[in-house]
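Read the structure below first, then the notes.
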Number of protein chains: 2
Amino acid sequence: MEFDSEYISSLRKEYQRAVLNPEDLPEHPADAFKQWFDLALQENVLEPNAMVLSTVYKNRPSSRVVLVKDLNRSGVVFFTNYRSKKGRHLDENPWACVNFFWPQLERQVRIEGFIEKLPEADSEKYFYSRPRLSQAGAIASEQSAVISNRDELDNRMNELMSLPEEVILPKPEHWGGYRLIPDYFEFWQGRAGRVHDRIVYEAGGEEHWVKCRLSP
Amino acid sequence: MEFDSEYISSLRKEYQRAVLNPEDLPEHPADAFKQWFDLALQENVLEPNAMVLSTVYKNRPSSRVVLVKDLNRSGVVFFTNYRSKKGRHLDENPWACVNFFWPQLERQVRIEGFIEKLPEADSEKYFYSRPRLSQAGAIASEQSAVISNRDELDNRMNELMSLPEEVILPKPEHWGGYRLIPDYFEFWQGRAGRVHDRIVYEAGGEEHWVKCRLSP
C-alpha cells in the first residue's frame, strides 16, 4: 500500500488570521506566553497545555507530548517518571526544548533551554494534588519498559484502586518534576504564502531579553 | 506578572476514546500511519499534516512545526530552505525525529530516524506544484536570518508577485526536500489515569519491523 502522495502533498492551509510585530509583545517572553496561552484557553483550543518536549540521547533527538504544569518567569514545569526514556536522556544531557502548536490560532511557541529537577517538596505537593487514578498510574507503570501485555498493568491498577480511600498512595521516589530554564523563545504567527512572522527573544543575562525578527 | 499556576496545573483531560493493542496495527508502521492519518482526515482534525520536527545542534535539541508532504514505506518527506536553522543542523547531524499529535483522537505518533536530501528533480517537481505565492515566499526569504523589519520582505514579495504570470519563479538552489528514513515508530493512544497504550515498532532490517508494547 502506498500513501496517496498527490493528496497529502496538496493539503495546505493559507494562514491569514493575524499579524505579529515585535512591539506587540511584552518585554518578558513569559508574559508574552501568558497572553497567548490565555487566548488559547478563551478560544477553546484542544489541550492548549500539551507541548512536544524534545531531548537528546547519543546525539539523536527524541520527542513526546507532555503537559505543562506551570510556566512563569522562572521556567517551564512538567512532571514525569525520572526513569522514563526522557528522564534517562535528561540525566545525560540537560538541554531540551518544547514546542506548543495551536493550529486554530495559527500560532506556535518554541522554547529552548536546560533542565533541572524540581525540589522534592514541589513534586510531592503536585503528586498529592493529582486524581487518585493518576497517582495509581504513576505507581503501577515502570515507564518506557517493554511489557508483554496490558493485563499485568491493569491488575496492578485494580489492586491499587481497590484500596480504601483513606490509604494514601505514596509518590514513588523516581517520580517528580523538571523545570526548563529557557534561554530562547520564538513566537510564530502563520502568514499567507508561508511568509510567517517570527519574533525571537534571546536571553541577555539578568532577566534581560533581546527581541528580534527572523526571516520566515 | 505570575502565571496562574493553580489554574494551569489543574488542566487535565481524561482520555477514554479508544484502546490500542499490537494486533490492531498492521505489520508495517507506514501502513499503520496511513490508517491513523485517514481517520484524522475523516474527523477533520485541524492540520493533521503538521508535525513537530526535532534536530540536534551542538548537543542541544531544536524543534519546529513542518508539514509532511509524503509518508510511505520509504520514509517521511518534507521541504524547506536548506540554509534554514534546521538545514544547518541536518548538515552536521542527520538524526531527526517527528511527532504528530492529534488531540481530538487522543493519539500521538512518534517517528525517529536519519535524514537524507531528496533528489533535485523531486524538489523541483514539488516546488513548481506550489501556489505562486509560496514560490515567491521561498525566493524572498533568507530563512532564519535576523531582519530589521518586515518591509524589505514585503517589498520583495510585491516585486515578485507583480511579475507577469508567464514569468517562471525559479526554485532557489538552496530550497528542497528531505526524507526521514525511520528506524523507530511509536503509536500512542491516551487512556484514563495516564495509563496509556504505547505500541512501538523497531526496525529489524530488510523491511522487517518488530512490534512491542511499552509501559506508559
Side-chain angles (χ1 to χ4, degrees), chain A residues 1-3 5 8-9 11 13 30-31 34 46-47 49-50 52 54-56 59-65 68-72 93 95-97 99 101 103-104 108 110 112 126 129 133-134 136-137 140-147 149-150 153 157 192-195 197 212-216, chain B residues 1-3 5 8-9 11 13 30-31 34 46-47 49-50 52 54-56 59-65 68-72 93 95-97 99 101 103-104 108 110 112 126 129 133-134 136-137 140-147 149-150 153 157 192-195 197 212-216:
Chain A
M1 182 180 8
E2 279 293 299
F3 211 86
S5 320
I8 195 172
S9 74
L11 284 176
K13 183 186 163 200
D31 301 340
K34 179 167 166 43
L46 273 180
E47 301 215 58
N49 54 332
V52 173
S54 301
T55 53
V56 180
N59 224 17
R60 287 178 60 149
S62 171
S63 66
R64 76 291 291 155
V65 172
V68 64
K69 288 296 166 183
D70 202 2
L71 198 158
N72 57 37
N93 180 342
W95 293 102
C97 66
N99 188 297
F101 179 51
Q104 205 170 317
Q108 178 185 178
R110 296 163 59 169
E112 299 180 10
Y126 175 66
S129 79
L133 193 67
S134 301
S141 168
E142 198 187 321
Q143 199 174 332
S144 304
V146 174
I147 49 176
N149 59 60
R150 197 174 161 106
L153 198 60
M157 285 297 285
R194 309 287 146 200
V195 188
D197 286 322
C212 66
R213 175 188 283 276
L214 296 190
S215 195
Chain B
M1 182 178 12
E2 279 294 297
F3 212 85
S5 322
I8 195 171
S9 73
L11 284 175
K13 183 186 164 200
D31 301 340
K34 179 168 165 42
L46 273 180
E47 302 214 58
N49 54 333
V52 173
S54 301
T55 54
V56 179
N59 224 17
R60 288 178 60 149
S62 172
S63 67
R64 76 291 291 156
V65 172
V68 64
K69 288 296 167 183
D70 202 2
L71 199 158
N72 57 38
N93 179 343
W95 292 103
C97 66
N99 187 297
F101 180 51
Q104 207 170 316
Q108 180 185 177
R110 297 162 59 169
E112 299 179 11
Y126 175 67
S129 79
L133 193 66
S134 301
S141 170
E142 199 188 321
Q143 199 174 332
S144 304
V146 174
I147 50 176
N149 59 60
R150 197 174 161 107
L153 199 61
M157 285 298 286
R194 310 287 146 200
V195 187
D197 286 323
C212 66
R213 175 189 284 274
L214 296 191
S215 194

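When reading the values below, keep in mind they use all heavy atoms of this one structure, side chains included, and skip hydrogens, waters and symmetry mates. Convention: sequence-line order gives letters A, B, ...; per-chain numbering from 1.
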Could you tell me which portion of B:Asp197 (side chain, backbone, both or neither) has an atom closer than 4.5 angstrom to a non-hydrogen atom of chain A? both
Between the CG atom in B:Leu133 and the CZ atom in A:Arg194, the distance rounded to the nearest 0.5 Å is 9.5 Å
Given the options B:Val65, B:Asn149, B:Thr55, B:Leu46, which has more heavy-atom pairs under 4.5 Å with chain A than any of the others? B:Val65
List for me each residue that meets salt bridge (charged side-chain N to carboxylate O under 4.0 Å, His left out) alongside B:Arg64, sequence neighbours excluded, and say none if there are none. none
Tell me if the CD atom of A:Gln104 is crowded by more than 12 foreign heavy atoms within 6.0 Å. yes
Heavy atoms of B:Ile8 and A:Lys69 approach each other most closely as CG2-O, 3.1 Å
Taking B:Ser141 for its side chain and A:Pro216 for its backbone only, find out whether a donor-acceptor pair lies under 3.5 Å. yes
Using heavy-atom distances under 4.5 Å, tell me whether A:Arg150 contacts chain B through its side chain, its backbone, both, or neither. both
At a 4.5 Å cut-off on heavy atoms, which part of B:Gln143 comes close to chain A: side chain, backbone, both, or neither? both
Across all chains, not counting sequence neighbours, the salt bridge (charged side-chain N to carboxylate O under 4.0 Å, His left out) partners of B:Glu112 are A:Arg60
Most heavy-atom pairs under 4.5 angstrom with chain B, which of A:Gly137, A:Ser129, A:Pro103? A:Pro103
Contact class of B:Leu153 relative to chain A, heavy atoms under 4.5 angstrom: side chain
Do other residues, nucleotides or ligands put more than 12 heavy atoms under 6.0 Å from B:Glu47 CD? yes
Residue, of B:Ala140, B:Cys212, B:Ser62, that accumulates the most heavy atom pairs under 4.5 Å with chain A: B:Ser62
If you compare all heavy atoms of B:Leu214 against all heavy atoms of A:Val146, which two are closest, and at what distance to 0.1 Å? CD2-CG2, 3.8 Å
Scored by heavy-atom pairs under 4.5 Å with chain A, the best of B:Ser134, B:Cys97, B:Pro61 is B:Pro61
What part of B:Asn59 is in contact with chain A, defined as an atom under 4.5 angstrom from a non-hydrogen atom: side chain, backbone, both or neither? both
Ranked by heavy-atom pairs below 4.5 Å to chain B, first place among A:Ser54, A:Ala50, A:Ser63 goes to A:Ser63
Given that the side chain runs from C-beta out, which part of B:Ala192 has a heavy atom under 4.5 Å from chain A: side chain, backbone, both or neither? both
